[in-house]
Amino acid sequence: LLSFLLWLLLMSLIMVSETRGEDRALLVGVGRYSQFEDKLNGVSLDISMMREIVHLMGFKRHEIKVLEHEIASTANVYDAIENWLIDGAGPDDRVLFYFSGHGSQIPDENNDEDDQFDEVLLLYDTVLTEKGGRQTLTGVLLDDHLNHMLARMKSRNILVILDACHSGSATKRMQ
């Protein structure tokens, strides 16, 4: 934990810019799901600790938006990314996106994955369903969508932290 905190503080120093406008942090934590009984009991603690870390990084309280558990629905998360991070941050602003929760894989529909699976972050309203004779999930943040949204951000000072299974390549196409 200490090495992680030191790494975050180092990243915050790198992200500091003298001519910033308003920074934006979006912290998403999903420890309870509408359709699944599986709970992640540490997510609330993750969000609390991350809130403190972004304060140490210099983000003001009004620059931090938190979506947790049932508030972290698909509609709310996509809306917050679109309106809080993409539309709300300028080129010199710092943007931080943090997710704590379950991650998974679903069948790749656009054939851009070598392993034929897209990585996803499970949001509160995730549902196990079937499409084309294969099991899949809806109510997720798809890696392709996350990459597209990150690419649309005006800021080039973006830090993404994902605490979820199958999240290692979630920003692989980010330029």
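Partners of R134 according to the side-chain hydrogen bond (donor to acceptor under 3.5 Å, both in side chains) rule, which considers only residues two or more places apart in sequence or in another chain, do not exist here. Remark: D87 pairs with E82, N83 by the side-chain contact (heavy atoms from CB on, under 4.5 Å) rule, at least two apart or across chains. The side-chain contact (heavy atoms from CB on, under 4.5 Å) search around T136 returns I106, P107, T129, K131, not counting sequence neighbours. The side-chain hydrogen bond (donor to acceptor under 3.5 Å, both in side chains) test applied to H148 returns no partner, not counting sequence neighbours. Every ring pair (Phe, Tyr, Trp, His ring centres under 6.0 Å) that Y33 has, sequence neighbours left out, goes to H102. Qualifying side-chain hydrogen bond (donor to acceptor under 3.5 Å, both in side chains) partners for S73, counting only residues two or more places apart in sequence or in other chains: N76. With sequence neighbours excluded, the residues forming a side-chain contact (heavy atoms from CB on, under 4.5 Å) with P91 are K154, listed by chain and number.
Counting only residues at least two apart or on different chains, the salt bridge (charged side-chain N to carboxylate O under 4.0 Å, His left out) pairs with a member in residues 25-35 are R32-E70.
With hydrophobic clusters built from ILVMFWY side chains whose heavy atoms lie under 4.5 angstrom apart, F36 shares a cluster with L121. Residue L128 is grouped with residue L142 when hydrophobic side chains (ILVMFWY) are merged at heavy-atom distances under 4.5 angstrom, including chains of intermediate members. Under a hydrophobic clustering in which Ile, Leu, Val, Met, Phe, Trp and Tyr are joined whenever their side-chain heavy atoms come within less than 4.5 Å, directly or via other members, Y78 and I71 fall into the same cluster.
Atom CZ of R94 sits about 13.0 Å away from atom CD1 of I158, to the nearest 0.5 Å. L122 contributes atom CG, which lies 10.0 Å from atom CG of L141 (distance to the nearest 0.5 angstrom). Between the CG atom of D108 and the CG atom of D144 there is a distance of 6.5 Å, given to the nearest 0.5 Å.
When all heavy atoms of L123 and A72 are compared, the closest pair comes out as CB-O, 3.5 Å. For the pair L96 and L85, the tightest heavy-atom approach, listed with the atom from each and the gap, is O-CD2, 4.4 Å. The shortest non-hydrogen separation linking A80 to L67 is CB-CD1, 3.8 Å. Closest of all the heavy-atom pairs between R152 and R156 is C-NH2, 4.5 Å. In plain terms, the two heavy atoms of G101 and A164 that are nearest each other are O-CB, 3.2 Å.
W84 places a side-chain N or O within donor-acceptor distance of the main-chain N or O of A25, the cut-off being under 3.5 Å. N147 places a side-chain N or O within 3.5 Å of a backbone atom of D143 that can act as its donor or acceptor partner. Put simply, the side chain of E63 gets close to the backbone of D23: a donor and an acceptor are under 3.5 Å apart.
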Side-chain donor/acceptor pairs under 3.5 Å, residues 44-54, sequence neighbours excluded:
{"unit_1": "S44", "atom_1": "OG", "unit_2": "E68", "atom_2": "OE2", "d": "2.6"}
{"unit_1": "S44", "atom_1": "OG", "unit_2": "H69", "atom_2": "NE2", "d": "3.0"}
{"unit_1": "D46", "atom_1": "OD2", "unit_2": "S100", "atom_2": "OG", "d": "2.7"}

*For Q35 and T126, run side-chain contact (heavy atoms from CB on, under 4.5 Å): C-alpha distance rounded to whole Å, both residues' side-chain angles, the deciding distance at 0.1 Å, then the answer.*
CA-CA 7 Å; Q35 301 292 315; T126 296; over 6 Å; no
*Could you go step by step and tell me if V43 and V30 meet the side-chain contact (heavy atoms from CB on, under 4.5 Å) rule?*
CA-CA 7 Å; V43 169; V30 188; 5.7 Å; no
*asked:* Between Y124 and T74, does the side-chain contact (heavy atoms from CB on, under 4.5 Å) criterion hold? Intermediate values first, please.
replied: CA-CA 7 Å; Y124 175 75; T74 306; over 6 Å; no
*Go through F97 and I161 one step at a time and tell me if the side-chain contact (heavy atoms from CB on, under 4.5 Å) criterion holds.*
CA-CA 6 Å; F97 176 75; I161 303 171; over 6 Å; no
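Side chains of E130 and Q135: a donor-acceptor N/O pair is absent below 3.5 angstrom, by distance only. With 3.5 Å as the limit, one finds no donor-acceptor pair spanning the side chains of D93 and S155.
Side-chain atoms of E22 and H62, non-hydrogen and from C-beta on, do get closer than 4.5 Å to each other.
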